[in-house]
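The analysis underlying the following values was restricted to heavy atoms, covering all of them including side chains, and did not include hydrogens, waters or symmetry mates. Along the sequence shown, the residues carry numbers beginning at 1.
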Amino acid sequence: MTERMNHPEDVDDATVDAGLLSRLYETMVAVRLLDLDAVAMQRQGIIPGYAPMRGQEAAQVGSAAALDRSVDFAFPTYRELGVAIELGIDPVSYLASHQGAWHGGLWNPAETHLAPLNAVVGGPVTHAVGWAMGARLDHTDGVAITYFGDGASSQGDVHEAMNFAGVYRLPVVFFCQNNGWAISVPTEAQVAGGSVAARAEGYGLVGNRVDGNDVVAVYRATEAAILRARSGGGATVIEAMTYRAGPHSTSDDPGRYRTLDEEQEWLARDPLTLAEARLRELGYVDAYFTGVEAQARDLAAEVRNGVAALDARPGEEMFDFVFQAPTASLLEQKRSWQEASRG
């Protein structure tokens with residue numbers, strides 16, 4: 001993504017954790033500024049809509065960092081900017097879908113191991129399970145991780161996918177970002193029993209609830225789940241307890257359904273603030289944090305220019321990705337469209 005910053009040399013026996021934390025922190029800062037700028041771009045008409053993820057940086061970056069990008073595969077929703085950036089996706093390519101230039105994003109899923117954005121609530125979960133079955137049959141040693149929210153956890157697709165994964169002991173990590181709200185409905189009003197992770201037991205899966213604002217805790221929990229899946233131990237449900245600090249989307253007003261006191265309470269546990277405090281305890285100083293923010297701001301400026309410069313994609317592409325082998329009827333439709341577009 002960006003060049004890594006220099007780190008202190010005098011961090012005694014915590015060096016490994018310090019190196020991991022600093023790397024994840026740098027990505028989280030970049031993601032935070034990209035996310036804020038994406039909201040600004042929507043307000044300025046550069047992109048028509050966006051689903052902010054401020055507050056969920058640790059859950060997304062920490063989990064994605066645990067993947068083996070050569071064999072594992074991630075299945076996002078429409079709010080996984082942090083996952084995309086950690087997996088090395090060009091931010092302009094990611095935001096192309098929000099700009100309306102391309103459905104699903106302008107990256108190659110086969111090369112990057114990140115599936116296209118999925119706006120269907122709970123939709124990525126069934127895709128991940130199907131991919132995991134294929135990985136099992138092909139003996140690739142790959143693990144699927146699928147992202148969904150606490151609201152999506154009430155969808156039938158999610159329950160069917162968990163049951164299927166349990167029956168076949170598939171290599172899947174079901175990663176639920178419990179950000180407290182299913183749009184305007186609080187978790188306690190739509191998750192029976194109060195815990196998504198607790199549902200795992202009913203499907204023969206392992207359930208683990210983790211502090212979703214602690215990026216290292218998320219990384220360790222995901223790493224353990226992936227290792228377990230890769231060794232044949234089956235699927236895990238991780239429930240990362242976090243908070244959506246902003247609106248559900250740029251057309252939402254969270255002030256209509258939640259209080260400022262609630263928001264302030266969660267902001268005290270902002271994932272970037274927690275990571276910075278821990279790094280300072282390990283010896284990192286002001287110059288480091290200033291440098292990290294400067295790099296992130298430079299990246300955000302580059303991305304803004306790149307998104308603003310995106311052109312409309314060729315209309316013919318609407319026919320090119322329907323089937324692996326296009327039918328005669330589809331090719332005829334494409335020819336008719338080309339003739340009509342030429343006037």
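If you take CG on L267 and CG on L260, they are separated by 8.5 Å, rounding to the nearest 0.5 Å. Rounding to the nearest 0.5 angstrom, the gap separating the CG atom in D17 from the CG atom in L21 is 8.0 Å. Atom OG1 in T187 sits 7.0 Å away from atom CG in N179 (nearest 0.5 Å). In this structure, the separation between CZ on R278 and OG1 on T273 is 15.0 Å, given to the nearest 0.5 Å. Distance check, rounded to the nearest 0.5 Å: CZ of F75 to OG1 of T126 gives 9.5 Å. Here CD1 of I47 is found 8.0 Å from CD of Q99. Values are rounded to the nearest 0.5 Å.
Residue pairs that meet the side chain to side chain donor-acceptor pair (under 3.5 Å) test with at least one member in residues 156-168, sequence neighbours left out, are H159-Y203. Judged as a salt bridge (charged side-chain N to carboxylate O under 4.0 Å, His left out), the pairs with a partner in residues 193-212 (not counting sequence neighbours) are, in order, R209-E239, D211-R269.
In terms of heavy atoms, N118 sits closest to P76 at CB-O, 3.5 Å. For L282 against A18, the heavy-atom pair with the smallest separation is CD1-CB, 3.7 Å. When every heavy atom of A300 is checked against every heavy atom of L33, the shortest pair comes out as CB-O, 4.4 Å. In terms of heavy-atom proximity, I226 sits nearest to A66 at CD1-O, 3.5 Å. The two residues L205 and G166 have their closest heavy-atom pair at CD2-CA, 3.5 Å. A pairwise comparison of heavy atoms in A115 and P109 identifies CA-CB, 4.3 Å as the closest pair.
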Stepwise side chain to side chain donor-acceptor pair (under 3.5 Å) check, Y78 with S249: CA-CA 10 Å; Y78 47 81; S249 71; over 6 Å; no
Derivation and outcome, side-chain contact (heavy atoms from CB on, under 4.5 Å), residues L34 and V303: CA-CA 8 Å; L34 287 170; V303 171; 3.7 Å; yes
Candidate pair T27 and I85, rule side-chain contact (heavy atoms from CB on, under 4.5 Å), full reasoning: CA-CA 7 Å; T27 305; I85 300 304; 4.1 Å; yes
side-chain contact (heavy atoms from CB on, under 4.5 Å) between L117 and Y94, intermediate numbers included: CA-CA 9 Å; L117 301 186; Y94 178 86; 3.4 Å; yes
Verdict with reasoning, L87 to H113, per side-chain contact (heavy atoms from CB on, under 4.5 Å): CA-CA 8 Å; L87 292 181; H113 288 211; over 6 Å; no
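Evaluated for a side-chain contact (heavy atoms from CB on, under 4.5 Å) with F319, the options Q333, R335, Q338 yield exactly one hit, Q333. Test Q177, H248, Q56 against R79 for side chain to side chain donor-acceptor pair (under 3.5 Å) and you get one pass: H248.
Grouping the Ile, Leu, Val, Met, Phe, Trp and Tyr side chains by contacts below 4.5 angstrom, directly or via other members, places L95 with V39. Cluster membership for I89 and Y147, using ILVMFWY side-chain heavy atoms within less than 4.5 angstrom, is shared. One hydrophobic cluster, built from ILVMFWY side chains closer than 4.5 Å, cannot hold both V173 and L227; they sit in different ones. In the hydrophobic clustering of this structure, L279 groups with L20; members are Ile, Leu, Val, Met, Phe, Trp, Tyr whose side-chain heavy atoms approach within less than 4.5 Å, directly or through other members. Grouping the Ile, Leu, Val, Met, Phe, Trp and Tyr side chains by contacts below 4.5 angstrom, directly or via other members, places V158 apart from W131.
Within the 4.5 Å cutoff, the side chain of V83 has heavy atoms near those of the L114 side chain. Side-chain contact between I145 and D72: absent, with no pair of heavy atoms (C-beta onward) separated by less than 4.5 Å. Counting heavy atoms from C-beta on, the side chains of F174 and V129 come closer than 4.5 Å. Contact annotation: the side chain of R32 never approaches that of M28 to less than 4.5 Å [non-hydrogen atoms, C-beta and beyond]. In this structure, the side chains of F148 and P124 stay at 4.5 Å or more apart for every pair of heavy atoms. Looking only at side-chain heavy atoms (C-beta outward), I238 and S63 stay at 4.5 Å or farther from each other. The side-chain heavy atoms of V218 and T242, taken from C-beta on, include no pair separated by under 4.5 Å. A heavy-atom distance below 4.5 Å is not found between the side chains of V210 and R220.
Remark: the backbone N or O of M53 is paired with a side-chain donor or acceptor of D35 at under 3.5 angstrom. A side-chain donor-acceptor contact under 3.5 Å links D270 to the backbone of L272. T250 places a side-chain N or O within donor-acceptor distance of the main-chain N or O of Y50, the cut-off being under 3.5 Å. Side chain of R169 to backbone of G233: a donor-acceptor contact under 3.5 angstrom is found. The backbone N or O of I183 sits less than 3.5 Å from a side-chain atom of R244, completing a donor-acceptor pair. Here the side chain of Q190 pairs a donor or acceptor atom with the backbone of D150 at under 3.5 angstrom. Proximity of a side-chain donor or acceptor of E80 to a complementary backbone N or O of T77 within less than 3.5 Å is detected. Between the side chain of T140 and the backbone N or O of V71, no donor-acceptor pair lies under 3.5 Å. For the pair W337 (side chain) and M318 (backbone), a donor-acceptor distance under 3.5 Å is absent. Put simply, the side chain of R230 gets close to the backbone of D141: a donor and an acceptor are under 3.5 Å apart.
The aromatic rings of Y243 and W266 lie parallel to each other, with less than 30° between the two planes, well short of the 60° mark. Taking the six-membered ring where tryptophan is involved, the planes of F289 and Y25 are perpendicular, since the angle between them exceeds 60° and thus also 30°. Ring-plane geometry between Y257 and W181 is classed as tilted, the angle between the planes lying from 30 to 60 degrees on a 0 to 90 degree scale.
Using a 3.5 Å distance cut-off with no hydrogens or angles, the side chains of Y288 and E276 do not pair a donor with an acceptor. No side-chain N or O of T327 forms a donor-acceptor pair with one of S329 less than 3.5 Å apart. For the residue pair E86 and Q60, no side-chain donor N or O sits within less than 3.5 Å of a side-chain acceptor on the partner.
The hydrophobic cluster around V185 extends to none of the other residues, as no ILVMFWY side-chain heavy atom falls under 4.5 Å of it.
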